[in-house]
There are 2 protein chains.
Amino acid sequence: MNEAFKALADPTRRHILQILRDKSMTAGEIADHFNISKPSISHHLNLLKQAGLVLDERQGQSIIYSLHTTVVEDVIGWMFGIINKQEKRD
Amino acid sequence: MNEAFKALADPTRRHILQILRDKSMTAGEIADHFNISKPSISHHLNLLKQAGLVLDERQGQSIIYSLHTTVVEDVIGWMFGIINKQEKRD
DNA sequence: TTCTTATTTAGATGTTTGGCTAAATATATA
DNA sequence: TATATATTTAGCCAAACATCTAAATAAGAA
């Protein structure tokens, strides 16, 4: 989950997740939302993928990225653990 | 909220939050949980404070740090926003 | 006031990160 | 096969970050 927290620390990467929330997209479509070079966006996508926050799938020439929510749920769980004082940790 | 996400990206700082979940502590007591110099822990505490994740209060010679959950709740809200596809953003 | 304890500030250093351009790879099409 | 399109990889650089030691500040005790 450390990689996920690190991935979430960057505003561009959080924005990518918000964009993917609405619909899955190719790397190029995602890049079109930013004033950042495609290689840089590709690098961000790779970090998000390593963190388990997105999935990628090649479709012809393009690679389609989609949200993967399992790890997000894990992070939410961790955060709730911080908030809920009464609940005893294992 | 960007500062909170950045603060959460570091494992030491997340550990500090977990420690403070159980009870508020002085900077020194917190530092005793780590093999890191006190100035470094002090720096982490300052970042957590800037991010609104902890509060500090002087009590005599010591400074007591405590969890502040409001921003954690905001972050959780953001994360839920990522997960819940159906919910339309404003 | 002087000494001790608790904590932070200052300044230095090595590592990580986010961005870039240029080159490489993968696929589709002519 | 040759060319075009989509994306990633490689290599570079400046800024940010995590850590350290030494010095400064704040409060209490002698």
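Side chains are part of it too, since the values below use all heavy atoms of this structure and drop only hydrogens, waters and symmetry mates. Protein chains get the first letters and strands the later ones, always in sequence-line order, with residue 1 at the start of each.
- Which of C/dT8, D/dT9, D/dC20 sits closest to the side chain of B/I36 comes down to D/dC20.
- In this structure, A/Y65 reaches the sugar-phosphate backbone alone: every heavy-atom distance under 4.0 Å involves primed, P, OP1 or OP2 atoms, never a base.
- If you check every strand for non-hydrogen atoms under 4.0 Å, B/H44 touches sugar and phosphate atoms only.
- The distance between atom CD of A/E29 and atom P of D/dT7, rounded to the nearest whole Å, is 8 Å.
- At most 12 non-hydrogen atoms from other residues, nucleotides or ligands lie less than 6.0 angstrom from NE2 of A/H43.
- No contact: A/N46 has no heavy atom under 4.0 Å from any strand.
- To the nearest angstrom, P of C/dT8 lies 13 Å from CD of B/Q61.
- Listed nucleotides D/dT8, D/dA18, C/dG18 differ in distance to A/K38; the shortest reach to its side chain belongs to D/dT8.
- As judged by a 4.0 angstrom heavy-atom cut-off over every strand, A/S62 is placed among residues touching the sugar-phosphate backbone only.
- At whole-Å resolution of the value, CG in A/N35 and C1' in C/dG19 are 13 Å apart.
- B/I41 CD1 to B/L48 CG: the interatomic distance, rounded to the nearest 0.5 Å, is 10.0 Å.
- Listed candidates were C/dG18, D/dT9, C/dC20. Nearest to the side chain of A/P39 is D/dT9.
- Rounded to whole angstrom, the span from the CD1 atom of A/I41 across to the P atom of D/dT7 amounts to 12 Å.
- Using a 4.0 Å heavy-atom criterion, one finds that B/S40 contacts the bases of the nucleic acid, with or without backbone contacts as well.
- Cluster annotation: B/L53 is not connected to B/I64 through the hydrophobic network of ILVMFWY side chains, with a link wherever side-chain heavy atoms come within less than 4.5 Å.
- Side chain of A/H43, nearest nucleotide from C/dG18, C/dT27, C/dT9: C/dG18.
- Side-chain contact check for B/L47 versus B/D10: every heavy-atom pair is 4.5 Å or farther apart.
- Checked against D/dC17, D/dT19, D/dT8, the side chain of B/K6 finds its nearest nucleotide in D/dC17.
- The interatomic distance linking A/D56 (CG) with D/dA6 (C1') rounds to 14 Å, in whole Å.
- Between B/L17 and B/L8, some side-chain heavy-atom pair lies under the 4.5 Å cut-off.
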